2 protein chains.
Amino acid sequence: MHLVPQVNSDVTIKDIAARCGISSATISRVLNHPEIVRPELRERVHAILAEAGYVPHGAARSLASRRTRTMGAVVPTVDSALFARIVDGLQQAIHDHGFQLLLASSNYSPAREAAEIRALIERGVDAMMLVGRSRSDEVYELLRAKRIPFVATCLFEPEAPWPTVGWDNQAEAARVADYLLDIGHRRFGIIAGVTADNDRAADRVAGYRAALARRGVGLPEACVIEKPYTVPEGRAAMAALLRLPQPPTAVLCGNDILAFGALQECLWLSVRVPQEISIAGFDDIEMAAHCYPGITTLHVPAHEIGRRAATVLLDMIKKQPAPEHVRIDLQLIVRGTTAPPADSAQARVSAGGETRAPQPT
Amino acid sequence: MHLVPQVNSDVTIKDIAARCGISSATISRVLNHPEIVRPELRERVHAILAEAGYVPHGAARSLASRRTRTMGAVVPTVDSALFARIVDGLQQAIHDHGFQLLLASSNYSPAREAAEIRALIERGVDAMMLVGRSRSDEVYELLRAKRIPFVATCLFEPEAPWPTVGWDNQAEAARVADYLLDIGHRRFGIIAGVTADNDRAADRVAGYRAALARRGVGLPEACVIEKPYTVPEGRAAMAALLRLPQPPTAVLCGNDILAFGALQECLWLSVRVPQEISIAGFDDIEMAAHCYPGITTLHVPAHEIGRRAATVLLDMIKKQPAPEHVRIDLQLIVRGTTAPPADSAQARVSAGGETRAPQPT
DNA sequence: TTGAAAGCGCTAACAT
DNA sequence: ATGTTAGCGCTTTCAA
């Protein structure tokens, strides 16, 4: 028979104390401040603890100590390579400091985010990581009143009264547009994420639009399509753009998932990328480098963001310094989905009103 | 100035009681058993509660009540379309019953899984969802001793002493292999997930192998490659298979991510899929349907699995019935990455020792 | 229907 | 270095 430590369901610190013939306060010390307990006693206690299969009672612990060594995170969705990696970075970093992570998702709904934040507060998290800036004053007030340190990520807003770790979505998006303008594109399409309640998505479109406007490049409203961040939605949006009488030569996407969907639609329709149409994404998720052709995009160091957020939060838990603002640098990664537009001769042909894009099946 | 409810950081049930001029026990009743409180009093208390911005203290609550209305889940990784969706299904289902979710990930390490399970128990989860069966006796013993209801998912094992919600990975994997055998393939490659500490990955390879063996189809060991579940690893594995003197005509993958990577490598190398090589995956993540060509795979209803797991756990919390076992049916989805192998004439040519696969860049 | 009071298991002063 | 003890904020008998 396999030997397993005897675990009785409800061993408390008191039981252990009794078995050791010492007071429960010392057991608590062994658990929380081992350095102040005489080494040999400490060893003996550890042995009994292990033998008895003692598991601390978290609720009792945090009720008494008023700390939980737990952090919370509320992300729009965990089913996203970007957020999954950010959370992973956060998780690892706080883990090294003895903190646990409580994860919740809002599904891009401010109401649900508020509910989750509230739930995390009830559960007593010592700090929390949020994404973006779109939330009600009530939420900020609650956070302030309960004195919960928090950081907003995927955002860089040095004037904000709370810390931010991220970048300027509008400015960065403009860089991508500028790049495509630089290589000669003049007819653009945008496949944006859903902008309602999503400041990052809204900022990105705003950045794309601003860059085009600065160069005097027009953008018919039919060329701007807003879609949830999924592959099939990206495909559908690209299909719609290709159906236009005068399709764009370059498509700016709200993120890499939409860009990937757009690219796949082109493959399905035998529209050559980048010869006939260029596609750019945002985030540089793993797939962007490995699909064929590779997607031109902005690299967001997701893991680093999680780690930096952790640092900021740990700092805030220790002391209450002025809100830190960490600017994360993004890098433009040019891959196979972008190239200069087809020559002007060809452009003239399609300008004749005839679409050169194959019809969707 | 914007009006926001006054939230004092530490309003307790006692403060509310004082403000209402009643005892704290009644406040507790309003919160937990509203039906036994006189309606008008109840209303008055609710008003004060809201006005004061009261937020219950979770730790105190669960210390006193010995329940947390919280469930835990430990998945290998959250950065996986499959697990993300399973968790989402679980989350939604338990949410409807007033439960919160505590999520942890093990990164496919049994040691880390054990630590996370322990942490969840410390935090007092009322039940938890796990994935697969590979864990030590100690963990099962701990779960038993602490009387934590749990369910193992992505697994169907009717004889197991704890509930399972899933399917037979070995049998299902064999179905895919059988399909490829049926359409004429005889030279196979396998790109498996890492089988150490991963029963699902191991069962899938075992299933592939068994199906081939049953039909007397040989499988050189060089044709079986084990890789972590990432796109670039899938690409690398496919590159290796294509470099073999006699490459397979069909490649069975451990999941869709590996299959996708394998497919992309073929695109990069201009190896035509399915004309020159067939590829099959497992899971049917969203991308499998939308990449080009679509990936032949087994559809795993991830959301349903999460929901069924929730049902089982909620049942177990209420009563302690015999372990339920829920069999989840998978469906074989045939898409563009599979087709009968090239004709025997061509097969003979490549059997001559010359590789027809382009060399990787 | 409501109140009084005894803990839930632990930590952290304060003593010694 | 260790023991004593008073809570932490809440739920839940038990009484009224």
Side-chain angles (χ1 to χ4, degrees), chain A residues 7-46 48-49 52-70 98 121-126 146-147, chain B residues 8-46 48-49 52-70 98 119 121-126 146-147:
Chain A
V7 183
N8 297 306
S9 116
D10 290 322
V11 240
T12 73
I13 219 179
K14 251 182 164 166
D15 303 328
I16 304 292
R19 290 214 215 180
C20 292
I22 58 177
S23 87
S24 65
T26 300
I27 310 297
S28 174
R29 287 191 192 99
V30 169
L31 262 17
N32 301 297
H33 312 283
E35 66 286 356
I36 66 168
V37 177
R38 186 163 40 90
E40 58 189 71
L41 214 203
R42 197 199 306 158
E43 290 318 305
R44 204 155 63 80
V45 172
H46 271 136
I48 306 266
L49 244 18
Y54 171 77
V55 176
H57 191 295
R61 232 176 163 172
S62 52
L63 179 57
S65 69
R66 318 182 64 61
R67 300 173 306 114
T68 57
R69 297 201 71 76
T70 292
I121 293 178
E122 282 191 31
R123 301 202 55 82
V125 295
D126 295 338
K146 291 285 172 184
R147 296 189 205 88
Chain B
N8 296 306
S9 116
D10 290 323
V11 241
T12 73
I13 219 179
K14 250 182 166 169
D15 303 328
I16 304 292
R19 290 214 213 180
C20 291
I22 58 177
S23 85
S24 64
T26 299
I27 309 296
S28 173
R29 288 189 190 102
V30 169
L31 262 18
N32 300 296
H33 312 283
E35 68 287 356
I36 66 167
V37 176
R38 189 163 38 90
E40 58 189 72
L41 213 203
R42 195 200 306 159
E43 289 318 305
R44 203 155 64 80
V45 172
H46 271 136
I48 305 266
L49 244 18
Y54 171 76
V55 176
H57 191 296
R61 229 174 165 174
S62 51
L63 178 56
S65 69
R66 319 183 64 60
R67 300 174 305 115
T68 58
R69 296 200 73 75
T70 292
I121 293 178
E122 283 191 31
R123 304 203 54 82
V125 296
D126 295 337
K146 292 286 174 184
R147 298 189 205 88

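Keep in mind that this is a model prediction, so the values were computed, not measured. The analysis underlying the following values was restricted to heavy atoms, covering all of them including side chains, and did not include hydrogens, waters or symmetry mates. Chain naming here is simple, since letters A, B, ... match the order of the sequence lines and numbering starts at 1 in each.
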Mind calculating the distance between [atom1] ([X]) and [atom2] ([N]) to the nearest angstrom?
X: Glu35(A); N: dA1(D); atom1: CD; atom2: C1'; value: 12 Å
X: Ile22(B); N: dT2(C); atom1: CD1; atom2: P; value: 8 Å
X: Ile36(A); N: dG3(D); atom1: CD1; atom2: C1'; value: 12 Å
X: Ile16(A); N: dG9(C); atom1: CD1; atom2: C1'; value: 13 Å
X: Ile13(B); N: dT12(D); atom1: CD1; atom2: C1'; value: 12 Å
X: Ile27(B); N: dC10(D); atom1: CD1; atom2: C1'; value: 12 Å
X: Lys14(A); N: dT11(C); atom1: NZ; atom2: P; value: 14 Å
X: His33(B); N: dT12(D); atom1: NE2; atom2: C1'; value: 8 Å

Is [X] near enough to [N] that one of its side-chain N or O atoms lies under 4.0 angstrom from OP1 or OP2?
X: Ser23(A); N: dG3(D); value: yes
X: Tyr54(A); N: dG9(C); value: no
X: Ser28(A); N: dT11(C); value: yes
X: Arg29(A); N: dT11(C); value: no

Check for a donor-acceptor pair, side chain of Arg42(B) on one end and backbone N or O of Pro34(B) on the other, with a separation under 3.5 Å. yes
Assign Leu31(B) to base, sugar-phosphate, or nothing according to its heavy-atom contacts below 4.0 angstrom with the strands shown. nothing
Assess whether side chain to side chain contact (heavy atoms under 4.5 Å, CB included) is satisfied between Leu31(B) and Leu49(B), documenting all intermediate values. CA-CA 10 Å; Leu31(B) 262 18; Leu49(B) 244 18; 3.6 Å; yes
Once rounded to the nearest 0.5 Å, what's the spacing between atom [atom1] of [X] and atom [atom2] of [Y]?
X: Arg44(B); Y: Leu41(B); atom1: CZ; atom2: CG; value: 5.5 Å
X: Glu122(A); Y: Tyr54(B); atom1: CD; atom2: OH; value: 8.0 Å
X: His57(A); Y: Asp10(A); atom1: NE2; atom2: CG; value: 8.0 Å

Please report the end-to-end axis angle for the helix from dT1(C)-dA16(D) to dT16(C)-dA1(D), five pairs per end, rounded to 10 degrees. 30°
Is the closest side-chain heavy-atom distance between [X] and [Y] below 4.5 Å?
X: Arg123(A); Y: Thr68(A); value: no
X: Lys146(A); Y: Val55(B); value: yes
X: Ile22(B); Y: Val45(B); value: yes

Heavy-atom nearest pair, Cys20(A) first then Ile27(A), reads SG-CD1, 4.5 Å
Return the 5'-most residue of the pair Pro39(A), Ala25(B) with respect to DNA chain D, ranking by each residue's nearest nucleotide. Pro39(A)
Within residues 57-67 of chain B, the residues having a heavy atom closer than 4.0 Å to DNA chain D are His57(B), Ala60(B), Arg61(B), Ala64(B), Ser65(B)
